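Below is one structure, written out as structure tokens; the observations come after it.
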Amino acid sequence: MRRSAGAQRAGKTVLSKMLSGVYAPDSGSILVRGEEVHFESPRDARAAGIETIFQSLALADNLDGPGNLFLGRELMTKWRTLDSRRMEFESSKVIARLNPNFKNILDPVLRMSGGQRQTIAIVERCILMRGY
């Protein structure tokens, strides 16, 4: 599922939380690549390749794009200092695939447009799935 749409109180959030392992379904099946799965936690859903991006984007407004994307899993140099260049490079590669016009990734997220903030949230999930 790429996105959900529907009337208020139609169950979109509950469905998303079931697919992401937050809630267990009362009935029915969840299939991933044709195989039935049962998630005990969000960690199980992530292990199956399911990432969820909610409308309320959890971003640190004072950090730039790469700072948000690698928050808590910062890339380090061999001298154990932040590898800002590599984080910027890795961020730019993924962002360019989603939004080639997004050039101001070093601006604080607070100054980014809604679409740019959404791109950062999506790219964060892509980077998580890559295992950084």
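Computed over heavy atoms, backbone and side chain alike; hydrogens, waters and symmetry mates excluded. Quick caveat, the model's predicted, so the values are computed rather than measured.
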So how far is it from [X] [atom1] to [Y] [atom2], rounded to the nearest 0.5 Å?
X: Ser91; Y: Glu124; atom1: OG; atom2: CD; result: 10.5 Å
X: Leu59; Y: Asn68; atom1: CG; atom2: CG; result: 5.0 Å
X: Leu71; Y: Met87; atom1: CG; atom2: CE; result: 10.0 Å
X: Arg46; Y: Ser20; atom1: CZ; atom2: OG; result: 8.5 Å
X: Phe70; Y: Arg86; atom1: CZ; atom2: CZ; result: 7.5 Å
X: Thr119; Y: Met112; atom1: OG1; atom2: CE; result: 9.5 Å

Results of side-chain contact (heavy atoms from CB on, under 4.5 Å) for Tyr23 - residues two or more places apart only: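 Scan of Tyr23 (side-chain contact (heavy atoms from CB on, under 4.5 Å), adjacent residues dropped) gives Val14, Lys17, Met18.
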Ser92: which residues meet the side-chain contact (heavy atoms from CB on, under 4.5 Å) condition with it, sequence neighbours left out?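 Checked Ser92 against side-chain contact (heavy atoms from CB on, under 4.5 Å); matches are Glu88, Ile105.
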Measuring only between side-chain heavy atoms, which start at C-beta, is [X] closer than 4.5 Å to [Y]?
X: Leu31; Y: Val37; answer: no
X: Leu75; Y: Leu82; answer: no
X: Phe39; Y: Val22; answer: no
X: Leu63; Y: Val109; answer: no

Run through the side-chain heavy atoms of Ile, Leu, Val, Met, Phe, Trp and Tyr, join any pair under 4.5 Å, and report what else lands in Phe89's cluster.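 Its cluster partners, ordered by chain and number, are none at all.
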Residues clustering with Leu110 (ILVMFWY side chains joined when closer than 4.5 Å, directly or via others):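 Leu110 clusters with nothing; isolated.
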Does Glu90 pair with Arg85 as a salt bridge, N-O distance under 4.0 Å?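 Salt bridge absent between Glu90 and Arg85.
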Can you tell me which residue pairs pass the salt bridge (charged side-chain N to carboxylate O under 4.0 Å, His left out) test with a partner in residues 104-114, sequence neighbours excluded?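 Residue pairs passing salt bridge (charged side-chain N to carboxylate O under 4.0 Å, His left out), neighbours aside: Asp107-Arg111.
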Could you give all pairs that pass the salt bridge (charged side-chain N to carboxylate O under 4.0 Å, His left out) test and reach residues 23-39, with sequence neighbours left out?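 Residue pairs with at least one partner in residues 23-39: there are none.
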For the residue pair Gln116 / Asn104, report whether a side-chain donor-acceptor contact shorter than 3.5 Å exists.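 Yes - a donor-acceptor pair under 3.5 Å links their side chains.
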Does Asn99 reach the main-chain N or O of Ile95 with its side chain, forming a donor-acceptor pair under 3.5 Å?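 No; zero donor-acceptor contacts below 3.5 Å.
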Checking Thr77 now: which residues fulfil side chain to side chain donor-acceptor pair (under 3.5 Å) with it, not counting sequence neighbours?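 Here the qualifying residues are Thr81.
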Quick one: list whatever passes salt bridge (charged side-chain N to carboxylate O under 4.0 Å, His left out) with Asp61, sequence neighbours left out.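 By the salt bridge (charged side-chain N to carboxylate O under 4.0 Å, His left out) rule, Asp61 matches Arg117.
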Taking all atoms of both residues into account, what is the closest heavy-atom pair of Ala48 and Val32, and its distance?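 Distance-wise, the nearest heavy atoms are O-CG1, 3.8 Å.
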